[in-house]
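A short worksheet on the structure shown next.
Along the sequence shown, residues carry numbers from 1. Both ligands and their constituent atoms are indexed starting at 1 by order of listing. Values in this document were obtained by computation on a predicted structure and should not be read as measured data.
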Amino acid sequence: MRRIKLPGHIAFIMDGNGRWAKRRLRPRGYGHKMGVQNMFKVCGHAFELGIRIVTVFALSTENLARPKEEVEELFELFRTFFGKKREKMQEMDVKINVIGDISVLPADIQQSILQMMEETAHCTRGLLNICVNYGARQEIVRAVNLAVAYGRFVDEAGFSSFLLTGGIPDPDLIIRTGGELRLSNFLLYQAAYSELYFSNKMWPEFSKRDLERAIENYSARDRRFGKV
Ligand code: FPP
């Protein structure tokens, strides 16, 4: 890649797993499985390129209303990832942080999420935020209620600290695959000045080179943050 301005934080909406599988006459669960593999590949490449923070939208609050069978398949992928990939994450020196209300997940998955977060807490090469049962509106309402409970008027920094992403810089670049042009309740507050990049590729086929293209595109943009 030519010399470029790297985003410090990239967030991914990994959309299109189901359609990718359907086009291959495979079940949607297969698309999610390949989606996880691609998550390793693309996020790993982001860290190799020097990106320090990556956030992925693994399960929205609304996704839980999908047919039971699909939700179960997603849970099974979480079970494998959080249960069996702890060492791999440690080898990659990537700290895992799960964002969202995990209390609705099966107890064994909650347990392995906490274990993975604990066992990668010392990793410093990069931070991978995994949004699970996450919804931005729910996050904002929760933050407002926390501020009220503390009896506090908050400024922007104070409010941000009540969000589930408290302490994490906002995403510089949000990439959505799958051809849809919306944020779907993802990081709505944090995305105020994020650059948005949409790809028509389905998530399982979004390649390392596609990531580099998105970063090159970001690098050529003029971010003014409302100023001139
Ligand atoms: C949207 O594609 C994607 C999801 C609902 C889940 C994506 C999750 C993963 C790829 C990985 C899970 C992460 C871990 C850590 C195990 P879609 O199925 O809605 O696509 P469609 O629009 O084609 O139906």
I need the contact type for [X] against ligand 1. Using non-hydrogen atoms and a strict under-4.0 Å cut-off, is it side chain, backbone, both or neither?
| X | result |
| --- | --- |
| M34 | neither |
| N17 | both |
| R28 | side chain |

Inset, instruction - Would you please indicate if the ring centroids of F81 and F40 are separated by under 6.0 Å? - result: yes
Check: [X] N/O within less than 3.5 Å of ligand 1 N/O:
| X | answer |
| --- | --- |
| G16 | yes |
| D15 | yes |
| F81 | no |

Legend entry - Rounded distance [0.5 Å steps], CD in Q190 versus OG in S160: 7.5 Å
Inset, instruction - Quick one: pull up CD1 in I215 and OH in Y197 and give me the separation to the nearest 0.5 Å. - result: 10.0 Å
Inset, instruction - Please confirm whether R26 makes a cation-pi placement over Y30, using NZ or CZ under 6.0 Å from the six-membered ring centre and within 45° of the ring normal. - result: yes
In terms of residue, atom name and distance, what is the protein heavy atom nearest to [atom]?
| atom | answer |
| --- | --- |
| atom 21 (P) of ligand 1 | R19 NE, 3.5 Å |
| atom 11 (C) of ligand 1 | V36 CG2, 3.6 Å |
| atom 4 (C) of ligand 1 | H32 CE1, 3.9 Å |
| atom 5 (C) of ligand 1 | N63 OD1, 3.4 Å |
| atom 19 (O) of ligand 1 | R66 NH2, 2.7 Å |
| atom 3 (C) of ligand 1 | M14 O, 3.3 Å |

Inset, instruction - Would you confirm whether W203, through its side chain, and N17, through its main-chain N or O, come within 3.5 Å as a donor-acceptor pair? - result: no
Legend entry - Any donor-acceptor N/O pair, T165 side chain to I168 backbone, under 3.5 Å: no
Inset, instruction - Please state whether the rings of F225 and Y193 are parallel, tilted or perpendicular, taking 30° and 60° as the class boundaries. - result: tilted
Inset, instruction - Please work out whether the ring planes of F82 and F78 are parallel, tilted or perpendicular, with thresholds of 30° and 60°. - result: tilted
So, does [X] sit close enough to ligand 1 that a heavy atom of it is under 4.0 Å from the ligand?
| X | result |
| --- | --- |
| G178 | no |
| E180 | no |
| L59 | no |

Inset, instruction - Going by heavy-atom distance to atom 13 (C) of ligand 1, choose the closest among A58, A21, G35. - result: A58
Inset, instruction - Within a distance under 4.0 Å of any heavy atom of F78, pick out the atoms of ligand 1 and give their elements. - result: 12 (C), 13 (C), 14 (C), 16 (C)
Can a salt bridge be assigned to the pair [X] and [Y] using a cut-off of 4.0 Å between side-chain N and carboxylate O?
| X | Y | result |
| --- | --- | --- |
| E73 | R79 | no |
| D210 | K208 | no |
| E70 | R66 | yes |

